[in-house]
Each structure stands twice: as C-alpha cells, then as structure tokens.
Amino acid sequence: MENERTFFEYLRDFSETSSPLDFVLIYDNLGRFFEGAIVTLQLTFLALFVGGLIAIPLALARAYKAPVWNQIIWSYTYAFRGTPLLVQVYLFYFGLGQFEVVRNSFLWGPILSDPWWCVLIAFTLNTAAYTTEFLRGSIEATPLGEIEASKACGMSPWIRIRLVVLPNAFRRALPAYSNDVIFTLHGSVIASTVTLQDLLGVGRWLNGRYYLAYEGFITAMVFYMAIVFLISAAFKMAESRYLGHLRPREISKPETKAAAA
C-alpha cells in the first residue's frame, strides 16, 4: 500500500522526532568524521615524530649544560611552554603574513600560506619544547652506576650516550610521554579554528549546518575517547615491557610453623 513505509523510513522518523540524538544524521555523516579523524591523527603524530627528533639533541644539550646552547634552548622551551598553543597557532597562521619578506619568500605559497602547514609547524615546535624538558630530566636521572660501568667498559662519550643514556632515558620517559601524546591530541582541536576540518571541525560544521550541537560534538567526543583508549593501551603495553624491571617485587614470606604444644 502507499501508506506503508520501510523500516529505514520508520527509523529515520524516530531518529528525527523522538530520539534525543539524531543517530541517522550521525550515520549519514560518519564518513566526514573519519576524514576528520585522519586529519587529527596526521597532525598529532607528525608533530610528535618531528618534535621528538628535534627534542633529542636539545635535551642532550640541556642535560650536559652545553655552553651558550643551554640558555638558548631554555629560552625556546620556556617561550613555547609558557604561552598557550592557540596563540602560537595564530602567530604562525595570521602573524607571518604581515611581513612582506615572508610573503615574498619561496616558502609562502606552498607552506606558510597553508593552514595545515602552519598548524603542523606550531604543534611540532610546541611538542618539541615539552619533550625536550621531560627527556632532559630522564637523561639526568640515569643511574650513576650505569655511567660508571660504561666508562669502565671503555665506551666513548657518544657511544655511552647512544647505548646507555638514551635507551635508559626513553624507557623512563614513557609515562610522561604518554601524557604528552594525549595532550597533543587534545590540543589538535585548535586546528578547527583556522579552517581545518579535523574531528572538532567536522562537529562544528554539523552544528553550523543543522543547528544540532549534541550530534556533532558528542560524536567527536566519542572518536577522541576511542583514540585516547588506543593510545593508553599501547603505552601500557610498552611500559609493562620496558619498565617491568623497575616495578617493586613482592617478597614471599616463609610460612610460620605453629609451635609444638
């Protein structure tokens, strides 16, 4: 009959009129959220990878108090750790275009005028500053006995750093680094303020188009929670593998025998 409706039509009508969330609308736009998740993951992990590579030599210079460089690196880390990430993104995206020398440079067209690159540069420098400081602390916390043992084995300073100091520092930095990864992931929401369609950007787009806040923002929240769960699980596995020897072990006490009557 003409009045008969399919199950999907009933489902859509229930979603639009009776459900607190229009889950059919979420399903229709799920592809956009996955695309936004890809943008978020690209920005996060590229910034972490490049920032980590930058942080290693900077942390070594800080830990070993390299002349001149120590103060320069401290100033850099203080500037990026002491100012909001949003301000840093705005300075790169809106600020660099004010300088004519930047607009006339070969980097303006392909990189500095592109919001994706501006956000990536700001994220990279920000996470490099944080990684430098907690990696410096891990390097300085290397047990003196391991340093003395490597010297006794005849290792040169660079071989000692490569085989003893850095592996030890990376293991001890894992708990702090997991927090930095999650912090960088959460900070990536700033990308949506400069027109990038990351996870939050898709949620804001859905809100602006349909005037429905919960559908867009709750879906983005669920995606973020799923990503954080996977990151936390990965770091938990890494910590159990590489930091298992640092856990306090329970010493079994011998059973006391009852005194003979």
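Positions are given from 1, in the same order as the sequence printed here. Predicted model, so just to flag it, every value in this text is computed and none were measured.
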Under the side chain to side chain donor-acceptor pair (under 3.5 Å) test, which residues partner Ser150, sequence neighbours left out? none
Residues forming a side chain to side chain donor-acceptor pair (under 3.5 Å) with Thr83, sequence neighbours excluded: Gln88
With sequence neighbours excluded, tell me which residues meet ring pair (Phe, Tyr, Trp, His ring centres under 6.0 Å) with Phe92. none
Without placing hydrogens or testing angles, list every side-chain donor-acceptor pair under 3.5 Å for residues 216-232, not counting sequence neighbours.
residue : atom : partner : partner atom : Å
Thr219  : OG1  : Glu215  : O            : 2.5
Ser232  : OG   : Val228  : O            : 2.9

Carefully, step by step, assess Glu146 and Lys151 under the rule salt bridge (Lys or Arg N to Asp or Glu O under 4.0 Å). CA-CA 9 Å; Glu146 295 184 10; Lys151 289 180 180 178; over 6 Å; no
Only distances under 3.5 Å count here; give the side-chain donor-acceptor pairs of residues 153-163 to other protein atoms, sequence neighbours excluded, each with its distance to 0.1 Å.
residue : atom : partner : partner atom : Å
Ser156  : OG   : Ile159  : N            : 3.4
Arg160  : NH1  : Met155  : O            : 3.3

Kindly list each side-chain donor-acceptor pair under 3.5 angstrom involving residues 67-75, sequence neighbours excluded, with atom names and distances?
residue : atom : partner : partner atom : Å
Asn70   : OD1  : Arg62   : NH1          : 2.7
Ser75   : OG   : Gln71   : O            : 2.9

Among all residues two or more places apart in sequence or in another chain, which pass the salt bridge (charged side-chain N to carboxylate O under 4.0 Å, His left out) test with Glu35? none
Applying ring pair (Phe, Tyr, Trp, His ring centres under 6.0 Å) as the test, list every pair that has at least one member in residues 122-156; sequence neighbours left out. Tyr130-Phe183, Phe134-Tyr177
Please determine, by modelled atom types, if Asp198 and Ser188 share a side-chain donor-acceptor pair under 3.5 angstrom. no
Under the ring pair (Phe, Tyr, Trp, His ring centres under 6.0 Å) rule, collect the residues that match up with Phe80, sequence neighbours excluded. Tyr76
Test side chain to side chain contact (heavy atoms under 4.5 Å, CB included) applied to Ser138 - qualifying residues, sequence neighbours left out: Ala169, Arg172, Ala173
Across all chains, not counting sequence neighbours, the ring pair (Phe, Tyr, Trp, His ring centres under 6.0 Å) partners of Phe45 are none
Using ring pair (Phe, Tyr, Trp, His ring centres under 6.0 Å) as the criterion, list what pairs up with Phe99, not counting sequence neighbours. none
